[in-house]
Amino acid sequence: MSNLTITKALIMPMTEVGKSFNGYVSVSSGAINAIGAGAAPCTAPDEQVIDANGCVLMPGLINAHSHLYQVLLRAVWEDLELMPWLRRIYGCARVLTPEHFYAGSLLGCVEAIRSGVTTICEHNFLNPTPECAFETVRAMQDAGLRAVFARTIMDTGEIVPDCTKEKSEQAFRHIDAILARHKNAGQLTFMTGPNTPPINTTPELLWEIRRFANDKSIGISAHVAESKSVVESVRQQHGKNGIVEFLHEFGIPAKNSIFAHSVHVSKDEIQILKETGTSVSHNPVSNMMLGDGVAPVVEMLRQGVNVSLGTDGAASNHSQDLFDTMKAASLLQKVHHQDAGVIKPYDVLRMATVGGAKALGLGSICGTIEVGKRADLILVNMGAPHNQPVNDIFSQIVHCAKASDVKTVIVNGEILLRDREFMRLDEKKVVAAAKLANGDLIERVNRLSF
Ligand SMILES: [Zn+2]
């Protein structure tokens, strides 16, 4: 028996190229238990029914790379390249409190849910106290999202403040504590990683991280080859041609690793990504905002590398809107290659759904609409003038639809947003708390010198 049926929807299951049909999806105990064309069969009297007429029903979007608390730092440092920008972002560790992390992360989740995100990977890298990580995790859980918490480590680097530089044993103790607190948290999984190698991780730490990740059977998340300056560091410090080549020595590229950015990677390095089964999180808006360059997404897709999409933190985006990111991903490749057909809308949608699920080790859990998968679903209202008339639904979801068209968001069978209203969060309170946290943080930041 089902407890929720969504009927009269245009279903985009993301299971094969170009497939869409009018039909229904039923959900029982948080999982998809029936999918069919046409009208839903008779429903039980106690079953919730959502009439999705005029809406697309698709898998929830997967944001494979973010730093949620950074919504507090939207548009604070602009017009800076990666290194001077990072110096400020890292410097914030000196004044960030667990309260900032909670309030900022919860606002980030609210924004993500409003843009149709059902799974988010939080790449966590500033931990002046263990509570900062705890509070970020708590915010993601309170929001009801499916979440991956990638607790990364930094042990060196001139721009990394002492309060957030850690010895590996100390960091692993803290990660163990997080894992112990959330042993049976079904919607929450974990990763670790070096934050931005090699500029803030020693080679010793890379070996330790690989060992620890294997021990705990968790994946690795890292910022990789984001800017030319980082690649220059690996050349000067380690005599390597690129970051992926360097990390390969330590066994960091692997099936359960996700490399954010991967902008400056060579053909040989793309081959390493392919051979090791490493996934990439492409963050086009952030890359454009920081002037990093254009990731070779088309080349990676052609080679068979799994690519997902991320917003990155709002300090370099400046939003958590994955619809914006999809459109940017499409247009950036077209202009870069000066070829309008170089990337298809379905490829972009795939990165934002199936590709993201695979990258985060959730391929059997979410990312498509299939019987047996968890019910992580969104309804996108196509009724607005900017979505009409509908001629190519895949192109129009990528190029026309906006976050504000997301009507309903369901995670693990729970309706988090219904008809644009939050069901478990008080949005006004979340925004008010984030504004207070922002005031406090900016006051503290203004007393810092970078
Ligand atoms: Zn990032």
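Counting convention: from 1, in listed order, for ligands and their atoms alike. Predicted model only: the values in this text are computed from it and were never measured.
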> the Zn ion (ligand 1) to Asp312: any N/O/S contact under 2.8 Å?
Replying inline: yes
> Do any of the N, O or S atoms of His65 sit under 2.8 Å from the Zn ion (ligand 1)?
Replying inline: yes
Tell me if a side-chain donor or acceptor on [X] pairs with a main-chain N or O of [Y] at a distance below 3.5 Å.
{"X": "Thr408", "Y": "Leu379", "answer": "no"}
{"X": "Thr325", "Y": "Asp321", "answer": "yes"}
{"X": "Glu232", "Y": "Ser229", "answer": "no"}

>> For Arg114, is there an ion pair with Glu111 - N to carboxylate O distance below 4.0 angstrom?
In response: no
> So what does the His67 NE2 - the Zn ion (ligand 1) - His223 NE2 angle come to, to 10°?
Replying inline: 100°
